[in-house]
Amino acid sequence: MTDTLNLGPVRVRYAPSPTGDPHVGNLRTALLNWVFARHAGGQFIVRIEDTDRERMVDGAEERILEALDWLGLDWDEGPGKGGPFAPYVQSERKALDKYGDAARQLIANGHAYECTCTPERLEQLRQRQRAEKKPTGYDGYCRNKSADELAGEKAQGLASVVRFKVPLEGEVVFNDFLRGPLTFDPSLLQDFVILKSDGYPTYHLAHIVDDHEMQITHVLRSEEWISSTPRHVMMYEGFGWEPPEFVHLSILLGPDRSKLSKRHGDTALLEFRDKGFLPGTMFNFLSLLGWSAGDDEEVMTREQVIEKFSLDGLNAAPSIFDITKLEWMNGVYLRQLGVDALAELLLPELEADDGLPASISRPLDKVFVTELVPLIHERLKVIDRTEVSEMLSYFFEEEIELDPAEVVQKGMDEATTASALESAAARLESAEPFEAESLEQQFRTLCEELELKPRQLFGALRVSLTARRVAPPLFDTMVAIGRDRSVDRVRRAAGLLSGTGARA
RNA sequence: GCCCCGUUGGUGCAGCGGCCUAGCACGCCAGCCUUUCAAGCUGGAGAUCACGGGUUCGAAUCCCGUACGGGGUACCA
């Protein structure tokens with residue numbers, strides 16, 4: 001391993017392909033690049049690799065930039081920002097004929113050639129190779145075609161691609177920062193396409209041309225690129241360029257240990273945002289997959305991650321994306337949030353159509369919502385609209401729907417519960433001051449008077465007031481609900497149990 | 001099939017030849033706190049460091065093999 005500290009200027013890039021919503025694994029690569037750049041005081045560049053015109057997805061580029069933005073990964077050069085090597089979108093660079101020029105350069109110096117084989121012939125070739133149980137790959141049919149022959153075919157309208165001329169023997173060695181020197185046998189590689197018949201470059205050509213021109217020093221990319229890196233190294237040699245340092249990052253796995261993908265459910269980063277995860281959580285959590293500062297710290301700010309970052313802390317083994325731990329961490333971040341900030345986040349969720357019941361009129365009173373925050377603050381893992389609304393609905397409703405059976409606590413029956421609740425209602429009516437601490441004292445006294453355990457009386461009251469067995473601390477709840485509604489609810493519960501109350 | 005990479009408790013990581021009777025975190029279990037649930041605190045279960053051979057006075061750490069997992073094998077990235 002080389003030292004990561006005395007590297008000189010660092011220029012790294014995140015080069016996504018706008019073929020869909022960016023998922024967490026993808027953004028983790030971006031994040032590691034970004035952190036590395038920030039740690040080294042270098043530049044982080046974003047480049048859009050839209051050379052696959054077929055798989056382009058509308059809006060994908062915007063979503064990618066939105067995701068970067070949300071995570072707080074700002075770029076020094078790239079879309080919307082420009083920079084000394086603009087444009088940073090490959091289709092725009094293609095229009096400048098950068099890749100055509102490069103391909104011609106390789107043809108001229110004997111490292112590439114034009115090929116007029118049709119997709120049909122290639123498909124047949126592959127089938128035959130498979131049938132004969134031989135490795136599939138281009139057979140070099142056009143490799144030694146004369147210029148005349150080629151010109152003739154093209155005159156007939158045959159489309160052509162440009163293929164890289166892979167050496168038939170020797171070996172290709174390159175150093176992977178995390179794995180050490182990796183050796184490949186080029187005879188196993190095929191003459192791969194570098195320029196497609198639609199004039200667009202393949203990834204192989206495009207990223208090399210751009211990385212070189214943009215003076216990228218380190219390529220931190222996903223492990224699945226290891227197999228094609230020998231191709232890239234050969235191309236650097238063909239061009240006579242110095243290759244960057246390669247750091248292949250381990251990939252992210254789903255719970256079934258296969259590469260994380262949409263099949264594993266919600267893996268798009270922005271979906272985590274929509275599901276109520278905080279950007280700080282995602283940043284922190286993603287930074288921990290396959291990387292460690294070497295100490296046991298896990299909850300870290302961006303600044304701490306940047307400061308502690310080192311390529312040496314990267315782990316070559318793939319890691320499983322564990323949602324349970326993510327949820328825990330989000331809880332940690334949620335608890336760090338101030339009351340007002342959390343209220344701000346909660347408000348739109350509660351007001352949403354699928355938030356609180358439609359019977360509750362909007363807009364909600366922000367001051368009231370802020371008052372409720374402390375009651376659920378440490379009980380939240382994720383800001384889930386449904387869950388949060390469910391947790392808080394009884395604070396907003398005039399009447400709640402009660403199951404009388406739930407009110408009766410262990411060791412009590414309907415009659416004792418009803419009379420206890422009557423006493424409690426009376427106490428509530430006269431309690432002064434109507435504050436949590438004092439209420440608790442008064443109701444503990446009431447417990448003694450009624451010869452009930454706190455859990456019995458308080459339990460009955462909790463259900464009466466909230467229609468739930470699980471709820472925030474009782475006396476804070478009473479205060480938030482208010483004296484009048486509290487008295488009403490307790491009376492009504494008592495009535496239901498003694499059979500005299502009308503079922504609402 | 002072929003090529004490449006990886007393998008520390010269920011999960012994420014630490015460990016870089018002796019400090020390891022393998023540490024931290026999530027999860028799980030129990031206790032404490034307590035009006036429920038959380039949060040918090042304390043404790044516990046859980047790993048023959050995938051397996052087999054070497055190298056070495058000494059290996060989770062180095063080497064080889066096997067198994068398993070993953071990735072690649074496109075006019076996709």
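Proteins come first, then strands; the chains are lettered A, B, ... in the order of their sequence lines, and each starts at number 1. Only a predicted model underlies this, so the values are computations on that prediction, with no experimental measurement involved.
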Please walk me through it: do His23(A) and Arg28(A) pass side-chain hydrogen bond (donor to acceptor under 3.5 Å, both in side chains)?
CA-CA 9 Å; His23(A) 68 99; Arg28(A) 162 176 164 274; over 6 Å; no

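- Residue Phe285(A) is classed as having no contact, given no heavy-atom separation below 4.0 Å to the nucleic acid.
- Residue-level contact check: Glu327(A) touches neither bases nor backbone, having no heavy atom under 4.0 Å from any strand.
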Verdict with reasoning, His218(A) to Asn33(A), per side-chain hydrogen bond (donor to acceptor under 3.5 Å, both in side chains)
CA-CA 9 Å; His218(A) 297 69; Asn33(A) 271 285; over 6 Å; no

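- Here Thr51(A) lies in heavy-atom contact (under 4.0 Å) with sugar-phosphate atoms only.
- In this pair, Phe309(A) and Phe36(A) present their aromatic rings tilted. The plane angle is within the 30 to 60° band.
- Nucleotide C41(B): paired with G31(B) (Watson-Crick or G-U wobble, both distances less than 3.5 Å).
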Identify the pairs formed between an N or O of the protein and an N or O of nucleotides 37-45 of chain B at a distance under 3.5 Å, and give each distance.
from: C37(B); atom 1: O2; to: Arg379(A); atom 2: NH1; distance (Å): 2.6
from: C37(B); atom 1: N3; to: Arg379(A); atom 2: NH1; distance (Å): 2.4
from: A38(B); atom 1: O2'; to: Glu378(A); atom 2: O; distance (Å): 2.6
from: A38(B); atom 1: N1; to: Glu378(A); atom 2: OE2; distance (Å): 3.0
from: A38(B); atom 1: N3; to: Glu378(A); atom 2: OE2; distance (Å): 3.0
from: A39(B); atom 1: O3'; to: Arg335(A); atom 2: NH1; distance (Å): 3.4

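- Contacts of Arg130(A) with the nucleic acid, taken as non-hydrogen atoms under 4.0 Å apart, are absent.
- Using a 4.0 Å heavy-atom cutoff across all strands shown, Pro318(A) reaches sugar-phosphate atoms only and no base atom.
- Pair check for G17(B) finds none; no Watson-Crick or G-U wobble contact set falls under 3.5 Å.
- One can place NE2 of His248(A) at 12 Å from P of G72(B), the figure rounded to the nearest angstrom.
- Ion pairing between Arg13(A) and Asp210(A) fails under the 4.0 Å rule for side-chain N and carboxylate O.
- Remark: Arg55(A) is not in phosphate contact with C76(B), judged by side-chain N or O atoms under 4.0 Å from OP1 or OP2.
- Across the strands present, G65(B) finds its partner in C51(B); the criterion is a Watson-Crick or G-U wobble pair with both atom distances under 3.5 angstrom.
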